[in-house]
Amino acid sequence: MREEIMARLTAYRAHDAPTHGGRVLSYVYDSGRPELDEIAAAAARELQAVNGLDPTTFPSVALLEGDLIRFGREMLHGPEVTGSVTSGGTESCLLAVLAARERWRGRDGQGRPRIVLPTSAHAAFHKAAHLFGLDLTLVPVDVGSGRPDSAEIVAAIEADLSTVALVVVSAPSYPHGVLDPVGEVAAAAQERGIPCHVDACIGGLVLPWWEAAGGDAVPAWDFSVAGVSSISADLHKFGFAPKGSSLLLFAEPELDRARYFALTDWPGYPVVNATLLGSRSATSLAAAWAVAQDLGVEGYVELTAQTVRATRSVLETVAQIEGLRVIGEPVGPLVAVASDEAVAPVSRVDPHAWASAVGRRGFVLQGQPGHPQRDAPAVPRSTHLTLTPVTESMLDDLLPALVEAADEVRGPGAEPATGRGEESPIPDPEALAEAARAGGDLDLAAVLALIEALPREHSARLLSTFLAAFTAPR
Ligand SMILES: *Cc1c(COP(=O)(O)O)cnc(C)c1O
């Protein structure tokens, strides 16, 4: 029976993209150290039956969390910060916004609260605004550098100061891997009494060691910067923990407390939740704790050194490819590649056609659609690569794949079609899902082109229909 169940599980898993080995350059963060996976699994098993809801009944939860927060304090230079281990980056960002909204309300904020943030800030903040009833004021990024102008952020704050609940910057931004002007923005926020969240979901456990690992110096972005009031840093990204763990840290006790939910006004047990869920697994907390203990600062520096070398090689290679350019100056292991508009059209390489061609050579890159910005030039379509320690061992395959793929698709005519001529109808998302379920390859470049071509609310609805159909019981 057990064998049968496990065999079916293995069969299901055979449909998945590889999580190890450096073939998928997003979503997964492979340390290349199998012993970390083992200690994580053993730790998760130890806590398997525990309910993270109540650390007074299960004090191990508080002890594990305390160790990780202490680790975060040292790493992010906030000796007194407090916080939680959440289920992931999205939950950390949601709670940072919730805390800021509650603080704003507590200070008799008028009207509807807003978040001021660059267009490159993570989608999680759009989700937070949607869930918690805030407006977003999006500040454009420069299409050359991928960075917002701090003066524009300040102007956006000033435009209606009393409604601003939170300012967000990224370290680095997910789409382009560049560092926002944290120092300037945090100082301006502090001067005006507004909290400033630094979203280091992806950079939080790699930028702290970047310079020590042989990378270029990274301008200060953590709690050492005046005015930074909260930071999110995902353990399940460059912390190399299994999915389900992120650190959320607050510099001010008032903000930290504002994200709690407590209720005594019902006939059941007294409720107090520091995070969004009620009953919750402690398995990913234990796994993240074990991985962090095992690696320690030294281990993270070693792994980061591999990542630094891999990133450098990829950047050097892309710089040599005619028709492509890297957007801005990545500070860490994330790279966005766009078409080089400075060369003649015959020499340009469409980044999505390139990603498809790299895909045919066995590496999965992540396409990002072009993004129209209000009152500013559009962010060009790009292809995203997240480099990890294991990438270094794959460079002999990866670098030639990047070069040969560009040679294959260089020049006009290689851009993916939207599949949508003047009269041809928009593809039916349910039919697309059916085809993908039947094992056909989903043409991601065409999907991205469609997203660019349609009004965004429309394409977002299509995505929901597609996913619902794809995941429906079969
Ligand atoms: C990954 C990421 C998030 C969201 O995190 P999840 O763990 O996917 O929920 C938020 N911000 C940034 C910058 C990220 O890279």
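Since this is a predicted model, take the numbers as computed values, not measurements. Start at 1 and go down the list; that is how both ligands and their atoms are numbered. Just so you know, residue 1 is the first one in the sequence shown, and it goes up from there.
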Original post:
Backbone N or O of A258 within a donor-acceptor pair of the R103 side chain at under 3.5 Å?
Top reply: no
**OP:** Please determine, by modelled atom types, if S229 and E252 share a side-chain donor-acceptor pair under 3.5 angstrom.
**Re:** no
**OP:** For the residue pair H122 and S170, confirm or rule out a side-chain donor-acceptor distance under 3.5 Å.
**Re:** no
Closer than 4.0 Å to some heavy atom of [X] - which atoms of ligand 1 meet that?
| X | answer |
| --- | --- |
| K237 | 1 (C), 2 (C), 3 (C), 4 (C), 5 (O), 14 (C), 15 (O) |
| H236 | 7 (O) |
| D199 | 10 (C), 11 (N), 12 (C), 13 (C) |
| D234 | 1 (C), 5 (O), 7 (O) |
| I202 | 15 (O) |

Original post:
Quick one: does G89 get an N or O within less than 3.5 Å of an N or O on ligand 1?
Top reply: yes
**OP:** Answer yes or no: does an N/O atom from S173 fall short of 3.5 Å to an N/O atom of ligand 1?
**Re:** no
Original post:
Do other residues, nucleotides or ligands put more than 12 heavy atoms under 6.0 Å from the CD atom of E35?
Top reply: yes
Subject >> ring pair (Phe, Tyr, Trp, His ring centres under 6.0 Å) between H384 and Y174, intermediate numbers included >> reply: CA-CA 9 Å; H384 174 110; Y174 183 84; 4.2 Å; yes
Original post:
What class does the angle between the rings of F470 and F466 fall in, given that below 30° is parallel, 30 to 60° is tilted and above 60° is perpendicular?
Top reply: parallel
Original post:
Considering only protein heavy atoms, which is closest to atom 10 (C) of ligand 1, and at what distance to one decimal place?
Top reply: H122 CG, 3.2 Å
